[in-house]
Protein chains: 2
Amino acid sequence: MTITMHDVAKLAGVSIKTVSNVVNDYQYIKPETRARVLEAIESLGYTPNLSARGLRSGRTGVISLIIPDLRNAYFAELADSVMRAAADEGLAVLIQQVGGKRAAEIEALHGPRMTNVDGILYSVLALDESDVDQLVIDTPLVLLGERIFNGPTDHVTMHNIEGARAATEHLLAQGRRRLVAFGAHPGEVIGSAGLRLVGYREALEAAGVEFDESLVVTVGNWHRADGAEGMREFLAKGIPFDGVVAFNDSIALGAMRVMQDAGIRIPADAAVIGFDDIDETRYTLPSLSTINPGRDEIARVAVQYLKERIAGGAHSIPPREYLADFELIERESSHAGG
Amino acid sequence: MTITMHDVAKLAGVSIKTVSNVVNDYQYIKPETRARVLEAIESLGYTPNLSARGLRSGRTGVISLIIPDLRNAYFAELADSVMRAAADEGLAVLIQQVGGKRAAEIEALHGPRMTNVDGILYSVLALDESDVDQLVIDTPLVLLGERIFNGPTDHVTMHNIEGARAATEHLLAQGRRRLVAFGAHPGEVIGSAGLRLVGYREALEAAGVEFDESLVVTVGNWHRADGAEGMREFLAKGIPFDGVVAFNDSIALGAMRVMQDAGIRIPADAAVIGFDDIDETRYTLPSLSTINPGRDEIARVAVQYLKERIAGGAHSIPPREYLADFELIERESSHAGG
DNA sequence: ATGAAAGCGCTAACAC
DNA sequence: GTGTTAGCGCTTTCAT
């Protein structure tokens, strides 16, 4: 029924080992032997059985990408970047959605699926530093995002504080003084929300602008709908403001829509800047200024780190931290004098 | 090093087969035996090796989803729907991006990765009916989308013609008569673009409105940027129009942005309706009317079909066609009298 | 530069 | 109800 190395070996008149050598690009094979084997492979339409290879070698050529949710544009674009980087390294990607639920996030790390992948790229939302121990597993793991620093694994993310600071300074430079910090998570210290709030405060302080607690708006989830709702509630309070530093693009877009409905002109009455540089920010009305977090770089480095761990053993070298460069992208929503 | 069934069997004082029975929920096991085995599994932290299971049983519990590109919101949301449906059936999903390139689309079906998945959900763009033969493979395959009808496999998609017709009729009912068909692919007969153009023409005909070739705008790719460019070129021609039937939401949004820049009020000067009901259409300015293609239903049925094929053999029963219900969603961009 | 043999961890077939 | 045995297709080790 299925064609195995045996069949190829028989047809080519060599041993199964030689076929294996050819398939795995082993160096020292007589060119004519190799040619004969390749011909046999071709004519039989042989493809190696990856389960068998996985069982024998312990490598499947598959890595897992664990994320909250593909409907979130940030993660969809991250997944795209990761899959491209992985494809360049000959790795396939198995995506697991865990929906931002802590139990699911942790469970995904310990299920049987782990025996089927060579390594894990882990970008989740609900974890915190008390869960560090959960990250110590036999499968190589690279952590993405802001939940844990100095953990037991490699960690690749962006310069959050500096990015938020740059975004805030960008609005301050236009003379704006009442800037909403939009998307805060109360009590959070080292998640994206926590770090970005730090950057926001640093920028205010450096500019001599007093921090005003009433301008910090909590937005629990970071989908568009949550941004819309958060802004609706904030506007209802009637607190004056002239700019919004949103902690991601999706909530910025949701908020912009609500602001516009309320007759607020962007950027004339209030400038807006987001975070993530998702595709659609170029085409909204107005287009959205944002911080490009260096997603491609993050994906490339993370896959690279993971590959090294897979080759060398999960705990062969001490954990590394990598912070990708960010870039401020100025568009219409924060156009000076707009 | 790794813990196997043997270890569990030894600890529980049973044979390896009994462990296997417990792991696979075999019915006839003495409750106390099962309990003893489960305890041993727990205390050793045993997880089954999926590569071994895959090799032995021929099933991996993984299905492949082959799509053009996750950056396209439609496919990201489709992937999300598919992963949820698959998770409900205990299946993991390996996503392969093929970028809308025909060679890559075909190759993905014949590579070694196929030996590692139980089945394939296949939603691609460049294939056409001349490629039908490529779909005849041993791995169960369910086709999504509009490229091939009555092919050799199960096929799940939406009512394209009827959906486009409903969208067009919606604008005609407001008295609009100069409707742009936006996103056409010249020469295409049975792709999404071809079918939606048929629906558009049917609606015109039924309303007694003459078809005007100059209102059919070609947009090759269906990303936001392509919609923006297509509309820019169309506006340059100065052809009058009072409505746009866009063949997907992304190009509708790109086009809307360009129209607004040109001073066209939506919907007052021109109404716009899209296709796909991607999340962001609720939050744009104006919000975008659209056709909901029934993505969740498509995903659910497709996974169901695939499961049946996996259980029963790829070619056990004749190929099936399933067309999901669509729904017209009226939002601001086509608000009557707007 | 190539071959022979062992066995990765599991499930299927059959025995008891 | 549970145990025994064989072997899925491959890579690894060792030999030549």
Side-chain angles (χ1 to χ4, degrees), chain A residues 1-38 40-41 44-62 112-118 138-139 310-311, chain B residues 1-38 40-41 44-62 112-118 138-139 310-311:
Chain A
M1 178 73 207
T2 53
I3 290 139
T4 75
M5 279 192 168
H6 270 108
D7 304 320
V8 176
K10 202 173 295 173
L11 182 62
V14 297
S15 84
I16 169 180
K17 176 69 217 286
T18 302
V19 179
S20 174
N21 283 339
V22 170
V23 169
N24 292 293
D25 282 327
Y26 181 68
Q27 285 194 312
Y28 309 105
I29 310 177
K30 248 198 283 189
E32 81 176 59
T33 312
R34 161 175 278 126
R36 206 142 31 89
V37 171
L38 286 175
I41 286 174
L44 291 173
Y46 167 77
T47 29
N49 179 314
L50 298 186
S51 287
R53 177 181 290 173
L55 173 58
R56 181 62 244 221
S57 70
R59 303 263 166 70
T60 59
V62 178
R113 200 94 268 150
M114 293 307 101
T115 62
N116 216 15
V117 298
D118 294 345
D138 290 333
T139 310
I310 291 169
Chain B
M1 178 72 208
T2 55
I3 289 139
T4 75
M5 279 191 170
H6 268 108
D7 304 320
V8 176
K10 201 173 296 171
L11 182 61
V14 296
S15 84
I16 169 179
K17 179 67 218 289
T18 301
V19 178
S20 173
N21 283 340
V22 169
V23 169
N24 292 292
D25 281 327
Y26 182 67
Q27 285 193 310
Y28 310 105
I29 310 176
K30 243 196 287 190
E32 79 176 59
T33 312
R34 160 174 278 126
R36 204 142 33 88
V37 171
L38 287 175
I41 287 174
L44 291 172
Y46 166 78
T47 30
N49 179 316
L50 298 186
S51 287
R53 177 182 289 173
L55 173 58
R56 180 63 243 224
S57 70
R59 302 264 166 69
T60 59
V62 179
R113 200 95 268 152
M114 292 307 101
T115 62
N116 215 15
V117 298
D118 294 345
D138 289 334
T139 311
I310 292 169

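Every chain is numbered from 1, with letters handed out A, B, ... down the list of sequences.
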Do [X] and [Y] make a side-chain contact, defined as non-hydrogen atoms from C-beta onward lying under 4.5 Å apart?
| X | Y | answer |
| --- | --- | --- |
| B/R36 | B/V14 | yes |
| A/N116 | A/V62 | no |
| A/M5 | A/N49 | no |
| A/L50 | B/R113 | yes |

Quick test: give all pairs of protein nitrogen or oxygen and nucleotides 6-8 of chain D nitrogen or oxygen below 3.5 Å, distance rounded to 0.1 Å.
unit_1: D/dG7; atom_1: N2; unit_2: B/R56; atom_2: NH1; d: 3.1
unit_1: D/dG7; atom_1: N3; unit_2: B/R56; atom_2: NH1; d: 3.4

Sequence neighbours excluded, which residues qualify as side-chain hydrogen bond (donor to acceptor under 3.5 Å, both in side chains) partners of [X]?
| X | result |
| --- | --- |
| B/T4 | none |
| A/D7 | none |
| A/K17 | A/N21 |

Using a 3.5 Å cut-off and no angle test, enumerate the donor-acceptor pairs between side-chain atoms of residues 23-31 of chain B and protein atoms at least two apart in sequence or in another chain.
unit_1: B/N24; atom_1: ND2; unit_2: B/S20; atom_2: O; d: 2.8
unit_1: B/N24; atom_1: ND2; unit_2: B/S20; atom_2: OG; d: 3.3

### Query
Taking only residues two or more places apart in sequence or in another chain, which ones pass side-chain contact (heavy atoms from CB on, under 4.5 Å) with B/R56?
none
#### Entry: side-chain contact (heavy atoms from CB on, under 4.5 Å) assessment of B/I310 paired with B/R59
CA-CA 9 Å; B/I310 292 169; B/R59 302 264 166 69; 3.7 Å; yes
### Query
Distance-only, no hydrogens or angles: does the A/T115 side chain make a donor-acceptor pair with backbone N or O of B/P48 under 3.5 Å?
yes
Measure the spacing between [atom1] of [X] and [atom2] of [Y] and express it to the nearest 0.5 Å.
| X | Y | atom1 | atom2 | result |
| --- | --- | --- | --- | --- |
| B/T47 | B/I3 | OG1 | CD1 | 7.5 Å |
| A/Y46 | A/L38 | OH | CG | 12.0 Å |
| A/S15 | A/K10 | OG | NZ | 13.0 Å |

### Interface residues of residues 28-36 of chain A with DNA chain D (non-hydrogen, below 4.0 angstrom)
none
### Message
Please report the distance, rounded to the nearest Å, between CE in B/M5 and P in D/dT2.
### Response
15 Å
### Task
Check the side chains of A/T60 and A/D118 for a donor-acceptor pair under 3.5 angstrom, ignoring hydrogens and angles.
yes
### Message
If you take any heavy atom closer than 4.0 Å to DNA chain C, which residues from residues 18-26 of chain B end up in contact?
### Response
B/S20, B/N24
### Query
How large an angle, rounded to 10°, do the end axes of the helix from C/dA1-D/dT16 to C/dC16-D/dG1 enclose when each is built from five base pairs?
30°
### Query
Between which nucleotides of DNA chain C, 5' to 3', does chain A make heavy-atom contacts below 4.0 Å?
C/dA1 to C/dG9
